[in-house]
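Notes for the one structure printed next.
For ligands, and for the atoms within them, numbers begin at 1 and follow the listed sequence. Only heavy atoms go into these numbers, but all of them, side chains included; no hydrogens, no water, no symmetry mates. This one's a predicted model, so the numbers in the text were calculated from it and none came from an experiment.
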Amino acid sequence: MERFFSTAPGRVNLLGEHVDYNQGIVLPAAVNRYVKIHARRLNEPRVILYAMDFSQQVEFLLSLEALEAREDPYGNPLPSWALYPGGVAWVLLKAGYPVAGIEATYTSDVPVGAGLSSSAAVEVAFATLWNVIGGWALRPMDLARLCQQAENKYVGVNCGLMDQFASVHGIAGHALCFDVRDLTYEAVPLPANVMLVIADSGVRRSLATSAYNERRLACEEAVERLKPHLPGIQALRDVSVDDFIRLAHLLPEVVRRRAQHVVEEIARVEAAVKALKQGDVALFGRYMKEGHRSLRDLYEVSTPELDFLVEFALNQPGCWGARLTGAGFGGCTVNLVQREWVEPFVRNLKEAYQRETGRMAEVYVCLASAGASAHRIE
Ligand code: GLA
């Protein structure tokens, strides 16, 4: 019986937040926290899946009808965690790929709901697995886009392409400067003596999905209102900082703040990538700090806990930059910390966070890592 192994990492975003769905530029890195799947090929169109982390098993049939019903073969609704593999199977079948039946177990050490793209990692791990079993040789960018469609159209979260892109394309030791408009990217080396320290605030804001969708709508509204004055624009990516300053008064107050974040954040990523390429980590860190303030004050997706973690971190020796990472509304901060300072940094941050909030912060010291892969075992 043919056996396969597949793995896909979570990601951290260093800069370029809430710009992917505005056709902007983002700077994520895949990190060394992974979804791992062991699978055995079945000779029938059926998936039997055991999620080790939840001690739960589900079964679903590989037909569009069964998947669209979101039910197992016995008429029970699929649990929410099964919607990710189910969505990937659905999107692949819809695109005409004959998805193989499997019996599989999977586990993940990407923290869930923390802004490190645990769901993208699950989607990418399954898509990579089916791609290898089927011998389809899908192009990596197509694979990422199919996974995004699974999330948009099956799971029902209207995310951009950044997370799935990063989980597929990660390169060890590098951040990926990804242009979401033309789908090109460049790997930018991270300084070898700097670690990615990720601190989980432990806060998960309910209604995060609807707040995320609201932010998207505000960006679309800004484009509609600016269009008569900037003919031909398709997205906030097309609005320069100068145009924005000239036309901002035409936007309602809240929409203006959201659009200002996006326009400035895209310019910030461009400037920060230049700094990183020149080895100027200090300047890069200042852009991270500005990015956080903009997410806090203009985009309004931070929380008091994330703000505390960032401000405290910025006063610690060896910390070059800190900001919230991912969609916000709780979740994690990312900190660039000089290797020799990591230990005291982590200790001090945890202590201070507990003193301030009464909560424990999980802290993950990560490295930028390679993207998803799968292979046949033996
Ligand atoms: C989530 C989404 C991404 C992106 C970020 C914010 O992680 O999945 O597509 O929009 O939020 O930058």
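Of the protein's non-hydrogen atoms, Asp20 OD2, 3.4 Å is the one closest to atom 3 (C) of ligand 1. The protein non-hydrogen atom at the shortest distance from atom 1 (C) of ligand 1 is Asp163 OD2, 3.7 Å. Given atom 5 (C) of ligand 1, the protein heavy atom at minimum distance is Met162 CE, 3.8 Å.
Counting non-hydrogen atoms of neighbouring residues, nucleotides and ligands closer than 6.0 angstrom, the NZ atom of Lys153 reaches no more than 12 such neighbours.
In terms of polar-atom proximity, Asn13 is not counted as a contact of ligand 1, lacking any N or O under 3.5 Å from an N or O of the ligand. Ligand 1 has no nitrogen or oxygen under 3.5 angstrom from a nitrogen or oxygen of Tyr21. Distances between N or O atoms of Glu17 and those of ligand 1 include at least one value under 3.5 Å.
Close contacts between ligand 1 and Cys159 involve ligand atoms 2 (C), 8 (O), 9 (O) [criterion: under 4.0 Å to a heavy atom]. Under a 4.0 Å criterion applied to the non-hydrogen atoms of Gly160, ligand 1 contributes the atoms 9 (O).
Among pairs with a residue in residues 237-293, those fulfilling ring pair (Phe, Tyr, Trp, His ring centres under 6.0 Å) read His261-Tyr299, at least two apart in sequence or across chains.
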Can you give each donor-acceptor pair under 3.5 Å made by side-chain atoms of residues 86-106, sequence neighbours left out, with the distance rounded to 0.1 Å?
residue	atom	partner	partner atom	Å
Trp90	NE1	Glu68	OE2	2.8
Glu103	OE1	Arg40	NH2	2.4

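Both Leu67 and Trp130 belong to a common hydrophobic cluster when Ile, Leu, Val, Met, Phe, Trp and Tyr are linked at side-chain heavy-atom distances under 4.5 angstrom.
Between Phe5 and His375, the ring centre distance stays below 6.0 Å.
At a 4.0 Å cut-off, at least one heavy atom of Arg11 sits close enough to ligand 1 to count as contact.
A side-chain donor-acceptor contact under 3.5 Å links Arg256 and Gln260. No donor-acceptor contact under 3.5 angstrom links the side chains of Thr184 and Asp179, judged on distance only.
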